[in-house]
Amino acid sequence: MCGIVGYVGNKKAKEVLINGLLSLEYRGYDSAGLAIVENNEIATMKEKGRVANLEALPGIGKLEGNVGIAHTRWATHGKPSKENAHPQLDNSKTFAVVHNGIIENYKQIKDFLVEEGYSFVSETDTETVAKLLDYYYVDDPVDTIIKVLSEIKGSYALGIMFRDYPDTVFAVRKESPLIVGVGENENFLAS
Ligand code: GLU
């Protein structure tokens, strides 16, 4: 289990998210990543190793969006790698997920989703959550998240973004720590 940061406000999300990840660095981690809403699309950047490696990625400085989620990973399912770093997304980049914890029944869910035609790019348990969101999504994000939670077993803190709701970060937790910081015209998420 490692770190989650989320931000919704008027500042550049990239700055807040990277600073948040740096504050969580002491816990140790193997990779880091973030997702920010840019022009109503979810832009994702991730890298193996230190937060400094993420911060050094070409183009990251150009991210101007004010809403995002970020993650430092301590691998439980799948080796430390760029592909396995979070955020994990669905195939159409409509949903982005950061997760601390373990989805115990991920194999069962993955097998079901593969049969339904989904393809997976990572070895993580977390990717099943992104794909399940796509499986259940019609138009209501909270309903969709509730359906996904009824399927998954285990411990989790989840930060979730929907491309169709670009001003909002959704968060849920079970057994894994996650808090919401309520500010003036800005809100935060941290594990
Ligand atoms: N189980 C997830 C993974 O292996 C999350 C690990 C974490 O809590 O950082 O990707």
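- The hydrophobic cluster containing I103 does not contain L89, counting ILVMFWY residues as joined when their side-chain heavy atoms lie under 4.5 angstrom apart, directly or transitively.
- Nearest heavy atom pair, residue A32 against residue T72, reads CB-CG2, 4.1 Å.
- Taking hydrophobic clusters as Ile, Leu, Val, Met, Phe, Trp and Tyr residues chained together by side-chain heavy-atom distances below 4.5 Å, Y7 does not share a cluster with V180.
- We find the CD1-OH distance between I160 and Y165 to be 14.0 Å, quoted to the nearest 0.5 Å.
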### Message
Is there a side chain to side chain contact (heavy atoms under 4.5 Å, CB included) between N91 and Y118? Walk through the geometry before answering.
### Response
CA-CA 8 Å; N91 298 115; Y118 287 84; 3.7 Å; yes
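- Within the model, atoms OH of Y29 and CG of L21 stand 8.5 Å from one another, a figure rounded to the nearest 0.5 Å.
- In plain terms, the two heavy atoms of L113 and K131 that are nearest each other are CD1-CB, 3.7 Å.
- Of the candidates H77, H99, Q88, T126 forms a side chain to side chain donor-acceptor pair (under 3.5 Å) with just one, namely H99.
- In this structure, N84 and S81 approach most closely via the heavy-atom pair N-OG, 3.1 Å.
- More than 12 heavy-atom neighbours from other residues, nucleotides or ligands sit within 6.0 angstrom of CZ on R173.
- A donor-acceptor pair under 3.5 Å is formed between the side chain of K46 and the backbone N or O of A85.
- Pairing each heavy atom of D134 with each of S92, the nearest pair is OD1-OG, 4.2 Å.
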### Message
Working note: L158 + V97, criterion side chain to side chain contact (heavy atoms under 4.5 Å, CB included); need CA distance, chi angles, decisive distance, verdict.
### Response
CA-CA 7 Å; L158 292 167; V97 177; 3.8 Å; yes
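- Atom CD of residue Q108 and atom CD1 of residue I152 lie 12.5 Å apart, to the nearest 0.5 angstrom.
- By the 6.0 Å contact criterion, CD on E115 is open, its count of non-hydrogen atoms from other residues, nucleotides or ligands being 12 or less.
- Around the NZ atom of K79, the shell of radius 6.0 Å holds no more than 12 heavy atoms that belong to other residues, nucleotides or ligands.
- Side-chain atoms of N105 come within 3.5 Å of backbone atoms of E151 as a donor-acceptor pair (strictly under, hydrogens ignored).
- Listed for the D90 side chain is a donor-acceptor partner under 3.5 Å among the backbone atoms of F95.
- A distance of 9.0 Å separates CZ of F170 from OG1 of T144, quoted to the nearest 0.5 Å.
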### Query
Could you walk me through whether K48 and N53 pass the side chain to side chain contact (heavy atoms under 4.5 Å, CB included) check?
CA-CA 7 Å; K48 196 173 157 183; N53 300 356; 5.9 Å; no
### Query
Could you walk me through whether R73 and T124 pass the side chain to side chain contact (heavy atoms under 4.5 Å, CB included) check?
CA-CA 11 Å; R73 175 172 188 245; T124 64; 3.7 Å; yes
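- The distance from the CD atom of E15 to the CD atom of E55 is 7.5 Å, given to the nearest 0.5 Å.
- When every heavy atom of N66 is checked against every heavy atom of K11, the shortest pair comes out as ND2-O, 2.9 Å.
- Here the straight-line distance linking atom CZ of R163 with atom CD1 of I42 works out to 7.0 Å at 0.5 Å rounding.
- Of all the heavy atoms in V5 and L17, the pair that sits closest is O-CD2, 3.7 Å.
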